[in-house]
Amino acid sequence: EGAKTALEGNAVIQQLFLVGNESEIRAAIAAKGLTDPRVTIVHASQVLTMEDKPVEGLRRKKDCSILRAIDLVKDGQAEAIISTGNTGGLVAAATIRLRTLPGVDRPAIATVIPSEKSAFVLIDAGANPDCKPLHLLQSAIMGSIYAREILGHAKPRVGILSNGAEAMKGTELTRDAAKLCAQVNLNFLGYVEGHDLFSDAVEVVVTDGFVGNIVLKT
């Protein structure tokens, strides 16, 4: 139903791959009356379930739908993937098959969250529970680029999530990351507190994946 709505409302989509069990997909297509010729079915005989450990599951299930979808991007047939499945599996599969950009050690989950008047990018929202300061710097840069290119902010304000605005607050991780962020070409404002998240204080909120996932789910 979502694919049908997207195709009906967006002529710029040139092709849409539906990846998974072909018989189930065909049944769903028939039930929803989806006849758009831009749809292509890609069969996958396996599914990475929410109970599967990402890397272990990917090793065992070589023909799972997540890997099939990732390969479409790797081969240049698709440019984006949408999934409601195992997030850890999707991150792991993308890292294994596509690798990270030069200069980026780890992938991060960027989540756009609505605020009082606009929206902000929360990064990382769960990919990396344990981080080093350099990883937070890389997330800050990626989040800033996303806020500029996708959300349209000319000079996105960047803040590291902390328990106070003062420089001595936070943890060793946040303090060291703040020092790194202050040394590069970012519109870095320092720390942002939890109660400032929805007051449009910054366009990019940087944190490790453990805290970020809790913030997102809260």
Side-chain angles (χ1 to χ4, degrees), residues 1-101 104 107-115 118-127 142-143 145-153 203 209 212-213 215-218:
E1 187 174 358
K4 182 181 179 182
T5 302
L7 289 165
E8 289 174 346
N10 199 333
V12 76
I13 299 175
Q14 297 178 2
Q15 190 172 20
L16 180 64
F17 298 95
L18 297 179
V19 186
N21 184 292
E22 183 171 1
S23 61
E24 293 179 7
I25 292 173
R26 289 196 181 280
I29 284 177
K32 297 300 177 182
L34 176 57
T35 59
D36 196 298
R38 292 173 288 174
V39 171
T40 299
I41 298 173
V42 176
H43 178 66
S45 63
Q46 296 174 303
V47 176
L48 194 71
T49 69
M50 300 302 288
E51 289 72 36
D52 284 323
K53 294 181 179 179
V55 175
E56 180 183 312
L58 292 171
R59 288 198 185 106
R60 288 188 295 104
K61 298 179 176 181
K62 301 291 187 182
D63 195 44
C64 68
S65 52
I66 284 178
L67 281 176
R68 284 283 188 184
I70 291 285
D71 284 341
L72 290 172
V73 173
K74 183 179 180 180
D75 296 338
Q77 298 181 65
E79 294 172 295
I81 297 169
I82 297 171
S83 172
T84 59
N86 188 316
T87 304
L90 188 62
V91 172
T95 304
I96 294 167
R97 286 284 211 271
L98 304 178
R99 315 309 297 174
T100 56
L101 293 169
V104 177
I109 297 175
T111 303
V112 179
I113 298 179
S115 59
S118 182
F120 65 92
V121 180
L122 176 69
I123 184 170
D124 174 19
M142 290 190 288
I145 293 170
Y146 188 97
R148 185 184 72 223
E149 300 297 329
I150 306 301
L151 302 184
H153 299 289
E203 283 75 47
N213 191 258
V215 170
L216 174 63
K217 291 174 179 177
T218 303

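What you see is a predicted model; the values in this text were computed from it and never measured. By convention here, the first residue in the shown sequence is residue 1.
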Please name the pair of heavy atoms, one in [X] and one in [Y], separated by the smallest distance, quoted to 0.1 Å.
X: I66; Y: G89; result: CG2-O, 4.0 Å
X: V91; Y: P107; result: CG1-CG, 3.7 Å
X: V19; Y: S65; result: CG1-O, 3.5 Å
X: P114; Y: F120; result: O-CE2, 4.4 Å
X: L58; Y: A92; result: CD1-CB, 3.8 Å
X: G126; Y: I109; result: C-CD1, 4.0 Å

Measuring only between side-chain heavy atoms, which start at C-beta, is [X] closer than 4.5 Å to [Y]?
X: L7; Y: L34; answer: yes
X: P54; Y: N86; answer: yes
X: L90; Y: I70; answer: yes
X: M142; Y: V121; answer: no
X: L18; Y: I29; answer: yes
X: K61; Y: D52; answer: yes

query = Under 3.5 Å, side chain of H43 to main-chain N/O of E22, donor-acceptor pair present?
reply =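 Judged by distance alone, yes, a pair lies under 3.5 Å.
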If you round to the nearest 0.5 Å, how far is [atom2] of [Y] from [atom1] of [X]?
X: D63; Y: L48; atom1: CG; atom2: CG; value: 12.5 Å
X: T95; Y: L98; atom1: OG1; atom2: CG; value: 8.5 Å
X: R26; Y: N21; atom1: CZ; atom2: CG; value: 11.0 Å
X: I25; Y: I41; atom1: CD1; atom2: CD1; value: 5.5 Å
X: R148; Y: I150; atom1: CZ; atom2: CD1; value: 10.5 Å
X: L72; Y: R97; atom1: CG; atom2: CZ; value: 11.0 Å

key: Q77: partners by side-chain hydrogen bond (donor to acceptor under 3.5 Å, both in side chains), with sequence neighbours left out   =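 Not a single residue meets the side-chain hydrogen bond (donor to acceptor under 3.5 Å, both in side chains) criterion with Q77.
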key: Of all pairs that satisfy side chain to side chain donor-acceptor pair (under 3.5 Å), the ones with a partner from residues 5-20, not counting sequence neighbours   =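 Those involving residues 5-20 are Q15-T40.
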task = Under the salt bridge (charged side-chain N to carboxylate O under 4.0 Å, His left out) rule, collect the residues that match up with K4, sequence neighbours excluded.
result =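 None.
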